[in-house]
Every structure is written in structure tokens, then in C-alpha cells.
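I have a structure here, written as C-alpha cells, and I will follow up with some questions on it.
Read the numbers this way: they start at 1 and go in the same order the structure lists the ligands and their atoms. Since this is a predicted model, take the numbers as computed values, not measurements.
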Amino acid sequence: MAQLLALHGPNLDLLGRREPEHYGHDTLAAIDALLAEEAARAGHRLASFQSAAEHALIERIHAAAREGVAGIVFNPAGYTHTSVALRDALLAVAIPFVEVHLSNPQAREPFRQRSYFSDIAVGTVAGFGAESYRLGLLGLLAHLARAA
Ligand code: DQA
């Protein structure tokens, strides 16, 4: 059994109400429940954490290393396009992670087309709404099984 973490960046607590044309109608609670269920089905445990604060996300990544978290499903949200500090935190702990996005940032404004995470992620899933998270978790589990 592995301990896994779903990590969500700023404004994702507003899912369900926030720009549904980009992000769909699923709430973050529904997404977290789906992920926990999918992880449990595979015999693993998944915790979730959301914050708008870069430092809180960084501290949660550090804590994940202390807890022996085996993998992270991460939607950095707006920090995708700005955060060297979050990138450095993931490099520091060397926990494998999958980058997920509800929308497809490559099909949106030019500033969303740069990610500080894609080149260090196991993989990226984007554009499938809440399903991006589920597919990201399945990809992460396949990666962990291969690496075991
Ligand atoms: C997002 C895409 C980002 O560009 C945006 O800032 C978000 C959400 C997504 O899930 O589609 O907050 O990460």
C-alpha cells in the first residue's frame, strides 16, 4: 500500500462555480472523493490538500517527503506558469508527480503555454475536466508499479 497525495493550487477550491466553461461543474470535494476511491480500489491511500498560498503548498510537499508519500497528483493552477519555488520543492524531495489540468492550457492564452512543471513531471494530463485527475492518478499508479 502506498500513500499518495493530491495537491491543488489557488482558486481550485472554487471549482463548480469558477468559469465552468473552462473547468466544468465538478467541485473539488467531488474530485478528491473520486481520487480517494480510485486509489483505494488499487489498494492505496490518498490524502488531499488545497491552498492559495505558495508557501503552504511548498510546506505540504516537504511534509509529504517526511511522511514517505510515494507519488503526487498535482494541479499547480496559476502557479503552473510562475512558480520556480514550487518546482524547486518538487525537485528537492524527488517525489514522482503527475501534472494535471482540467482545461488544456496549450489551447488558451499564450502565458498559460509555459509550465514550470511539465519537464520534471512523470507526465501531464490536461483538457479532460475532472477526468484529467483520474487519468493522472492512473498514470501515476502505473509509473509507481513499473518502478517497484
Ligand atoms: C488550470 C489551468 C491554469 O492555467 C489556471 O491558472 C488554473 C487551472 C487547470 O486546471 O486547467 O487555475 O491549472
Review point. Between Tyr79 and Glu54, is there a donor-acceptor pair closer than 3.5 Å when you use the side chain of the first and the backbone of the second?
Key: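 Yes, Tyr79 side chain to Glu54 backbone: donor-acceptor pair under 3.5 Å.
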Using the ring-ring contact (aromatic ring centres under 6.0 Å, His included) rule, collect all pairs that involve residues 115-140, keeping only residues at least two apart or in two chains.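 Every pair satisfying ring-ring contact (aromatic ring centres under 6.0 Å, His included) with a residue in residues 115-140: His8-Tyr133, Phe74-Phe117.
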Around ligand 1, what residues show up once you keep those with a heavy atom under 4.0 Å from it?
->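 Ligand 1 is contacted, at a heavy-atom distance under 4.0 Å, by Arg18, Tyr23, Asn75, Ala77, Gly78, His81, His101, Leu102, Ser103, Arg112.
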Distance (rounded to the nearest 0.5 Å) between Arg87 CZ and Ile61 CD1: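 With rounding to 0.5 Å, CZ (Arg87) is 12.5 Å from CD1 (Ile61).
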Less than 4.5 Å apart, any side-chain heavy atom of Ile58 and any of Leu86?
->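 Touching, per the 4.5 Å side-chain cut-off.
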State which residues pass salt bridge (charged side-chain N to carboxylate O under 4.0 Å, His left out) with Glu59; sequence neighbours excluded, sorted by chain then number.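 Glu59 satisfies salt bridge (charged side-chain N to carboxylate O under 4.0 Å, His left out) with no residue once adjacent residues are dropped.
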*asked:* Tell me which pairs pass side-chain hydrogen bond (donor to acceptor under 3.5 Å, both in side chains) where either residue lies in residues 61-72, with sequence neighbours left out.
replied: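 Those involving residues 61-72 are Arg60-Glu67.
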